Amino acid sequence: MKPFLLLATRAEDGAAEEEYESYLNFGGLAPHQLHRVRMEAAPLPAIDLAQYSGIIVGGSPFNSSDPEAGKSALQLRVEKELSALLDTVVAEDFPFLGACYGVGTLGRHQGAVVNRTYGEAIGAVPVTLTAEGRRDSLLDGLPDTFDAFVGHKEAVFTLPPHAVNLAGSPTCPVQMFRVRQNLYATQFHPELDVAGLLTRISVYRNAGYFPPEEAEAVMDSVRPARVTAPPLILRNFTARYARYGATRCSA
């Protein structure tokens, strides 16, 4: 099979390595099957989509809806490069899965309104599939309602008419959506288990998700969580598009 491409933007090595290992583990991939590019470290190289089965965009401390004047030069570069890549990805309906930051990148690229109305504190929330979500094969095997880990300052406020809402939570109406047939974004983190979330709480304790002095209490609040369904999305994605990539390779 052709490898998948993980586009990452976490500058903190501990969080970046944990994220990569999570995608390997829950995606059922060996290291040679997941090529990672850390976009925060250097400009994005030329990407030949023909070399990959699909693209995964990991989470990020960046908020796409922040005022342009307040964004760092690094964030502006990353956003420009991702937008240019999405021009081709969307035009080709190339397999794409964006987790959390994917909502801001794919969503804004497609005309969604993304703002801070539906931000959610770090923790587990119940996510419920829509009728369209229950029919989407990327969600095969997931129950109609399942717990998922979230922690985000921004979210989709309004989807464009051509996007399909696949899932929502009581505090965030758009938890997952699809564009065309092969382009997906989740607001929740399908790659996170409790251990992974504890790493991120520690790493990002000063990032404004909660008062820094409350980090230990936030950790204690998530330790009892039983979040098992979301990783199946990653396994479905890699299984479906490994075959898709092989078909394109042989065509």
Side-chain angles (χ1 to χ4, degrees), residues 6-12 15-16 19 38-40 43-44 55-90 96-123 125 127 130 148-180 183-192 197 200-201 203-212 218 230:
L6 173 62
L7 298 179
T9 58
R10 299 185 185 279
E12 303 81 8
E19 179 180 67
R38 291 184 63 170
M39 296 182 67
E40 90 291 345
L44 183 68
I55 293 174
I56 298 169
V57 171
S60 175
F62 297 149
N63 293 294
S64 63
S65 62
D66 284 350
E68 296 298 296
K71 294 178 179 178
S72 67
L74 171 60
Q75 182 174 351
L76 290 171
R77 172 180 65 77
V78 167
E79 289 181 349
K80 182 178 180 180
E81 292 171 349
L82 282 174
S83 180
L85 179 61
L86 281 168
D87 287 345
T88 302
V89 167
V90 174
F96 176 94
L97 176 62
C100 197
Y101 189 47
V103 167
T105 52
L106 179 62
R108 293 192 74 200
H109 184 274
Q110 290 298 291
V113 176
V114 178
N115 61 31
R116 296 198 175 209
T117 301
Y118 296 119
E120 293 176 298
I122 292 174
V125 299
V127 174
T130 64
F149 283 129
V150 299
H152 54 100
K153 300 174 184 176
E154 64 180 8
V156 168
F157 182 75
T158 306
L159 278 174
H162 62 280
V164 180
N165 189 12
L166 300 175
S169 68
T171 49
C172 183
V174 181
Q175 284 284 353
M176 183 174 183
F177 67 88
R178 187 187 73 239
V179 174
R180 304 192 68 181
L183 311 169
Y184 294 88
T186 66
Q187 185 63 78
F188 59 88
H189 287 274
E191 83 286 5
L192 275 185
L197 184 55
R200 294 193 192 172
I201 293 169
V203 169
Y204 294 112
R205 67 175 62 214
N206 294 305
Y209 293 98
F210 50 82
V218 175

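Note that the coordinates shown come from a computational prediction; the quantities given were computed from them, not determined experimentally.
- K71 places a side-chain N or O within donor-acceptor distance of the main-chain N or O of S64, the cut-off being under 3.5 Å.
- Going from atom CZ of F210 over to atom CD1 of I201 covers 6.0 Å, rounded to the nearest 0.5 Å.
- Counting only residues at least two apart or in different chains, salt bridge (charged side-chain N to carboxylate O under 4.0 Å, His left out) contacts with residues 104-117 comprise D66-R116.
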Quick one, Y101 with R10, criterion side chain to side chain donor-acceptor pair (under 3.5 Å). Give me CA distance, side-chain angles, the key distance, then yes/no. CA-CA 11 Å; Y101 189 47; R10 299 185 185 279; over 6 Å; no

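- Contact detail for V156 and Q187: the closest heavy-atom pair is N-OE1, 4.3 Å.
- The two residues V127 and A148 make their nearest non-hydrogen contact at CG2-CB, 3.9 Å.
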List the steps, then state whether side-chain contact (heavy atoms from CB on, under 4.5 Å) holds for Y184 with L166. CA-CA 9 Å; Y184 294 88; L166 300 175; 3.8 Å; yes

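- Listed by chain and number, the residues in a ring-ring contact (aromatic ring centres under 6.0 Å, His included) with F188 are F146 (sequence neighbours excluded).
- Remark: the backbone N or O of R180 is paired with a side-chain donor or acceptor of R178 at under 3.5 angstrom.
- In this pair, F157 and Y118 present their aromatic rings parallel. The plane angle is below 30°, not in the 30 to 60° band.
- Between V174 and V103 there is no side-chain heavy-atom pair separated by less than 4.5 Å.
- N165 places no side-chain N or O within 3.5 Å of a backbone atom of T130 that could act as its donor or acceptor partner.
- Side chain of T158 to main chain of V113: no donor-acceptor pair is present (N/O by atom type, distance under 3.5 Å, no hydrogens or angles).
- Within the structure, salt bridge (charged side-chain N to carboxylate O under 4.0 Å, His left out) contacts touching residues 148-169 (residues at least two apart or in different chains) do not occur.
- The minimum heavy-atom distance linking E40 with A11 is given by the pair CG-CA, 3.7 Å.
- Across all non-hydrogen atoms, the minimal contact from G59 to C100 is CA-CB, 4.5 Å.
- Remark: E68 CD to E79 CD distance equals 6.0 Å, nearest 0.5 Å.
- The existence of a salt bridge linking R205 and E12 is excluded, since no basic side-chain nitrogen approaches an acidic carboxylate oxygen closer than 4.0 Å.
- To the nearest 0.5 angstrom, F149 atom CZ is 10.5 Å from H189 atom NE2.
- Sorted by first and then second residue, the side chain to side chain donor-acceptor pair (under 3.5 Å) pairs with a member in residues 167-177 read E120-S169, E120-T171, E120-Q175, S169-Q175; sequence neighbours excluded.
- Once rounded to the nearest 0.5 Å, the distance linking CG of N63 with CG of N115 reads 11.5 Å.
- For D87, there are no salt bridge (charged side-chain N to carboxylate O under 4.0 Å, His left out) partners two or more places apart in sequence or in a different chain.
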Q110 and L183: CA distance, side-chain angles, deciding distance, side-chain contact (heavy atoms from CB on, under 4.5 Å) verdict: CA-CA 11 Å; Q110 290 298 291; L183 311 169; 6.0 Å; no

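- Heavy atoms only, all atoms of each residue included: L6 and G58 are closest at CD1-N, 4.0 Å.
- Here the side chains of M39 and L82 are in contact, with some heavy-atom distance below 4.5 Å.
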Determine, stepwise, if the pair F96 / V179 fulfils side-chain contact (heavy atoms from CB on, under 4.5 Å). CA-CA 10 Å; F96 176 94; V179 174; over 6 Å; no

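- For the pair L7/L85, a side-chain contact is recorded, criterion being any heavy-atom separation below 4.5 Å from C-beta on.
- By the side-chain hydrogen bond (donor to acceptor under 3.5 Å, both in side chains) test, S60 is found to be paired with T9, residues two or more places apart in sequence or in another chain being considered.
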Go through the steps for I56 and E191 under the test side-chain contact (heavy atoms from CB on, under 4.5 Å), then give the verdict. CA-CA 11 Å; I56 298 169; E191 83 286 5; over 6 Å; no

